[in-house]
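Chain naming here is simple, since letters A, B, ... match the order of the sequence lines and numbering starts at 1 in each.
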Amino acid sequence: MNSYKRKLLTIVTEAALETTLIREIDRSGAHGYTVTDARGKGDHGVRDAGWPASANIRVEVVCDAETAQSLAAHLHDRYYQDYAMILFIAEVEVLRPTKF
Amino acid sequence: MNSYKRKLLTIVTEAALETTLIREIDRSGAHGYTVTDARGKGDHGVRDAGWPASANIRVEVVCDAETAQSLAAHLHDRYYQDYAMILFIAEVEVLRPTKF
Amino acid sequence: MNSYKRKLLTIVTEAALETTLIREIDRSGAHGYTVTDARGKGDHGVRDAGWPASANIRVEVVCDAETAQSLAAHLHDRYYQDYAMILFIAEVEVLRPTKF
Amino acid sequence: MDPVILFFVLGITAGLLRSELRLPAAVYEFVTIVLLLAIGLKGGIELAKQPLGQLLPQMVAVVVLGFVLALIAFPVLRKLGRLQRADAASIAAHYGSVSVGTYAVAVAYLGSQQVSFEEHMPLLLVLMEVPAIIVGIILARGVSRSTRWGSVVHEVFLGKGIVLLLGGLLIGWAAGPEGVLPLEPLFMDLFKGILALFLLEMGLITAAQLTGLRRYGLFLVAFGIAMPLFSAVVGTATALMLGLSLGGTVILATLAASASYIAVPAAMRISVPEANPTLSLAAALGVTFPFNVLIGIPIYHAMATWVLG
Amino acid sequence: MDPVILFFVLGITAGLLRSELRLPAAVYEFVTIVLLLAIGLKGGIELAKQPLGQLLPQMVAVVVLGFVLALIAFPVLRKLGRLQRADAASIAAHYGSVSVGTYAVAVAYLGSQQVSFEEHMPLLLVLMEVPAIIVGIILARGVSRSTRWGSVVHEVFLGKGIVLLLGGLLIGWAAGPEGVLPLEPLFMDLFKGILALFLLEMGLITAAQLTGLRRYGLFLVAFGIAMPLFSAVVGTATALMLGLSLGGTVILATLAASASYIAVPAAMRISVPEANPTLSLAAALGVTFPFNVLIGIPIYHAMATWVLG
Amino acid sequence: MDPVILFFVLGITAGLLRSELRLPAAVYEFVTIVLLLAIGLKGGIELAKQPLGQLLPQMVAVVVLGFVLALIAFPVLRKLGRLQRADAASIAAHYGSVSVGTYAVAVAYLGSQQVSFEEHMPLLLVLMEVPAIIVGIILARGVSRSTRWGSVVHEVFLGKGIVLLLGGLLIGWAAGPEGVLPLEPLFMDLFKGILALFLLEMGLITAAQLTGLRRYGLFLVAFGIAMPLFSAVVGTATALMLGLSLGGTVILATLAASASYIAVPAAMRISVPEANPTLSLAAALGVTFPFNVLIGIPIYHAMATWVLG
Ligand SMILES: Nc1ncnc2c1ncn2[C@@H]1O[C@H](COP(=O)(O)O)[C@@H](O)[C@H]1O
Ligand SMILES: Nc1ncnc2c1ncn2[C@@H]1O[C@H](COP(=O)(O)O)[C@@H](O)[C@H]1O
Ligand SMILES: Nc1ncnc2c1ncn2[C@@H]1O[C@H](COP(=O)(O)O)[C@@H](O)[C@H]1O
Ligand code: NA
Ligand code: NA
Ligand code: NA
């Protein structure tokens, strides 16, 4: 079976941003996303998920390289300063190129 | 310390499929798997995990390239049509080649 | 926007190890980590998260190659024998090189 | 209107207005588990009081009722609704089976109307969950050799719903009214409060299903209202035949009218995967559940009063 | 000391000692949901008993109170605290709004002191949550065109807190004292037990906020104690003007003195993202919440007794 | 048979039949937290009634009992079971310590047998949790300098179990019988219902441990039954020496016979990581817990009756 290269953009950020972030992803042209609940630590200190204000989410978007780059750049410019957030992009192979 | 190349197959699908999927992974020859609860959106609409019927799982399998390819192809053929499911494969390094 | 190569070290292990593991990560020089709750199966059998003693965590650390290698090697030497644990490292791109 | 219903209305409203209100999955599960055990326990206590043999006619009747309702729904869905074979079979299974949430609302309704009913109804509830699932699978795939009946049986009888209902029944039956007494503060006194939380969540879920509905149109709405009305008539007739009391008749009509959304969706997803779950859930949860809860049960009450009066 | 307060102390202690004790997020949510609904229901029952029109003066007064307290806090934070505009605006919004947890403790306190109060207080609680949020946003950004007021309104009125409080109020009001009776075992009888669990968790959370405090110094501690004392005086004066009873006066003083940590943080995070949430939570949760719960409420009680005596 | 036991049987059965039934982790935690607090509170109320000094002999006795049982178990496990040093030490620690779940079942059992007991037993429960852990660590590693006793003490005394039990004790003691009254609906009235849910989950967990058992054979089964019987005899003798009542004797025998599965596994995992947790959990949860709950407690009751009669 053939496989095709796509990008996996992973975003870890504050749970409070979920609705906003999903709107941004929908607008970016990506076809879907996956969210899991998370906790962690970074420049904004420990976020231990004990209550909504300190919970994180981990969002994954599989999409083409261009969408990944532009979505990442947009999120970076718009949210990095004010929110606890990290972004990273990995290379992945998918089986159905039209799906992503 | 030496490191060895393996594949990381990630599957996001309906929580209802967990038992079935685990059976498939066991049969595939992979040595293990990791499951986390998730929600998301894709071609089958929003799955918001509010109740069991709309919950997703995110399953990871670290294995050799061949197992990853054949398991992915099998899952694709068998479940893609009827279930909300995505698959993607990434390259990873592991420390103990015999474990995976 | 420029992007920079970093490593993503993923650790899946027993939930009981969370505090210890976080201390190790802090010491390793990595700038942060992300934790999600998980379940799974491996050489140490099925860990189904039904209660604390059988729960897993999935920890991710984005850092430079050197830190990833040395942290992985240290965890491997120190914990692999006694704990249910796997480690794998992937290549990722990040936007802000100083953050990781 | 019973205040528990108002919680359902609150949930739907919050869902439609896209409120941030969301109950964690664990809370939904907790509330469901307590409800299922409570219903089972209550029925079991009653079983302890009377010989099971005497209930045999009723037990047989509801099993037949489950089969029949699914078999009637199928051609309607296939012909009038022009649905695909698998979808029609799956929806038929949902409507032949029963909804525990609807049952609980009917119990609460009769309580506040001070109408008593045969307390062994949870036994009939359990019995009526299963037959339609089997009908649905056979309608979808025929009695082919390839159906893994082993795993179907496993899926059906060992699903959360049946295990907790049946477990509760057996425990209630073994422990008897005296034995269950110390469990009552949790399972009986809190029942309505827990039911209120459950209905709040069901309202949120129902609101989400309405999207599915918008996509699949009028037929499902019509079916989701007409089918329970028809089933309630059949249920009432069956109750009459069995000589049930007024309350028992309302309950049996409600059981017949209700459509499953716990046991059947899970079973269909595994055994008839080609059926689109959006369709069946839109009908069962988006239309029939609110219809029964808000309008149906009082209608079935009126119908039973009229028939038995 | 009321035993529920001891649960708060237990939580803080466990948190500061870095105990492994942690309540799962789902338990926190469950406990919060039950508390919010219970408070709403209780207020709603009372509303059913009296004409709403008669409460209009009180309703207007607390809305104004919310505006005023936020407007007073802002320049203090800006000038004395030398905080950035956004931070001062956000903290002002927290202190102009109210804390449901503190309210619940005050209710428990009055209960054990056997002081009665106007039971419609939850209505005032709901009304007082919102105005300060609007003040905070305007203070932070001016009345610029670019503020997406649509999404602000959505965020504010459709957040979990308001939906559950208001929903509870409406259900209690529609169902009346009789109708709510079967819900009482969960929402009334368990109230104090659930509040104890909530305060245990709040203690753990408070302990975590103290880190934030250590970083941002003395001003926040001073403000976090002085502001509630000042607000309580204003609240007491307002209560006097409105002719509230002793209990009602204590409650209104407590509401004024309390700082929000559910509705406001969520709204500020979205609408004034440049404000640092560590600052506002350190003050509201790390200082003011424990101050009110442990020391403030008895002080406000003494104050009201003195004023009204 | 007490109906709460039937919930345990339901859980085991569902687990062995590989039912889909699973309680979310958050529900397990919730139920555990309520049980631990309830047991602590109950003991604390009693402590408020009597001078602590009077209990000193009992307190010392159970601490010694904990040490002794672990020290007896170790050579048996090492010699007869031919287990590795770390494994033997870890299992010895489990059996020298106590199981809160088993204690709760014994309390429920005595309640339905209408046998009263010294209500300060939760104090002894807390005291008996710790000593065996220390024995276990020393047996595994010697009193080497490298053991980080600081983190051991932290792990042991600040684990969830001890914090909640001790916290409950202190709160109950400070608040006294009157003060705790408003908390009773949650912590006392619901106790048996919550215990039922806990035992349901424990049944599911026990069923899962049986796999571990199958792998490690007969010795663990034999030890898992013989050790509690032996410990119960020692416990009964101690109770006799201390002049406890019939109920108190049954409780102390049960405490001695029970094997920890909350505090000890967590502590061993960190402090004696080379011990295989599958072994200790298979014995403590797969054998001893069900043995005590289903058969042991009535035996200890009979034994106490015989000895004291
Ligand atoms: N180096 C890192 N590796 C993995 N996750 C991180 C890292 N840094 C931050 N995070 C996650 O991203 C969240 C926000 O990061 P920050 O904005 O740096 O506080 C943290 O709470 C962590 O969950
Ligand atoms: N492009 C995507 N990126 C990340 N996750 C996705 C994507 N598409 C789908 N998913 C996830 O996979 C699930 C099933 O996808 P689908 O079958 O497309 O509905 C969704 O509910 C999402 O959780
Ligand atoms: N091949 C694998 N792929 C993905 N996850 C694995 C794999 N092997 C083990 N795991 C995870 O790592 C945990 C510990 O592994 P082990 O030490 O092999 O028992 C398991 O419970 C799984 O969650
Ligand atoms: Na039906
Ligand atoms: Na205020
Ligand atoms: Na013991």
Determine whether E:Leu200 and E:Leu23 make a side-chain contact, defined as any pair of heavy atoms from C-beta on separated by less than 4.5 Å. yes
Engaged part of F:Leu170 at the chain E interface, taking heavy atoms whose separation is under 4.5 Å: neither
A side-chain contact here means heavy atoms from C-beta on lying under 4.5 Å apart; do E:Leu41 and E:Met188 qualify? yes
Contacting moiety of E:Leu10, where chain F heavy atoms sit under 4.5 Å: side chain
Using a 4.5 Å cut-off on heavy atoms from C-beta on, say whether the side chain of E:Met121 contacts that of E:Leu244. yes
At a heavy-atom separation under 4.5 Å, does F:Phe30 approach chain E through its side chain, its backbone, both, or neither? both
Side-chain heavy atoms of F:His94 within contact of F:Pro265, under 4.5 Å: yes
F:Ile33, part contacting chain E, at a heavy-atom distance under 4.5 Å: side chain
E:Phe198 versus E:Phe7: any side-chain heavy-atom pair under 4.5 Å? no
Checking E:Leu195 against chain F: side chain, backbone, both or neither under 4.5 Å from a heavy atom? neither
Of the backbone (N, CA, C, O) and the side chain (C-beta and beyond), which part of E:Val4 lies under 4.5 Å from a heavy atom of chain F, both, or neither? side chain
All inter-chain donor-acceptor pairs under 3.5 Å (chain F, chain E):
| from | atom 1 | to | atom 2 | distance (Å) |
| --- | --- | --- | --- | --- |
| F:His154 | NE2 | E:Leu17 | O | 3.4 |
| F:His154 | NE2 | E:Arg18 | O | 2.9 |
| F:Leu158 | O | E:Ser19 | OG | 3.0 |
| F:Leu158 | O | E:Glu20 | N | 2.9 |

Counting C-beta onward and ignoring hydrogens, is there a side-chain heavy-atom pair between F:Leu255 and F:Val62 closer than 4.5 Å? no
Quick one: are F:Pro24 and F:Val27 in side-chain contact, heavy atoms under 4.5 Å? yes
So which of F:Gly168, F:Ala25, F:Ala26 has the largest heavy-atom pair count under 4.5 angstrom toward chain E? F:Ala26
What part of F:Val34 is in contact with chain E, defined as an atom under 4.5 angstrom from a non-hydrogen atom: side chain, backbone, both or neither? side chain
Would you mind checking which part of F:Leu190 comes under 4.5 Å of any heavy atom in chain E, side chain (CB onward), backbone (N, CA, C, O), both or neither? side chain
Bottom line for F:Ile162: the part with an atom under 4.5 Å from chain E's heavy atoms is neither
Report yes if some heavy atom in the side chain of F:Phe117 is under 4.5 Å from a heavy atom in the side chain of F:Val107; otherwise report no. yes
Below 4.5 Å from any heavy atom of chain E, which atoms of F:Leu166 appear? Answer side chain, backbone, both or neither. neither
Would you find a donor on one side and an acceptor on the other, under 3.5 Å apart, between the side chain of F:Ser90 and the backbone of F:Asp87? no
Sorted by first residue and then second, give each salt bridge (charged side-chain N to carboxylate O under 4.0 Å, His left out) pair with at least one member in residues 90-101 of chain F; sequence neighbours left out. none
In this structure, CG of F:Leu52 is separated from CG of F:Leu123 (nearest 0.5 Å) by 6.5 Å
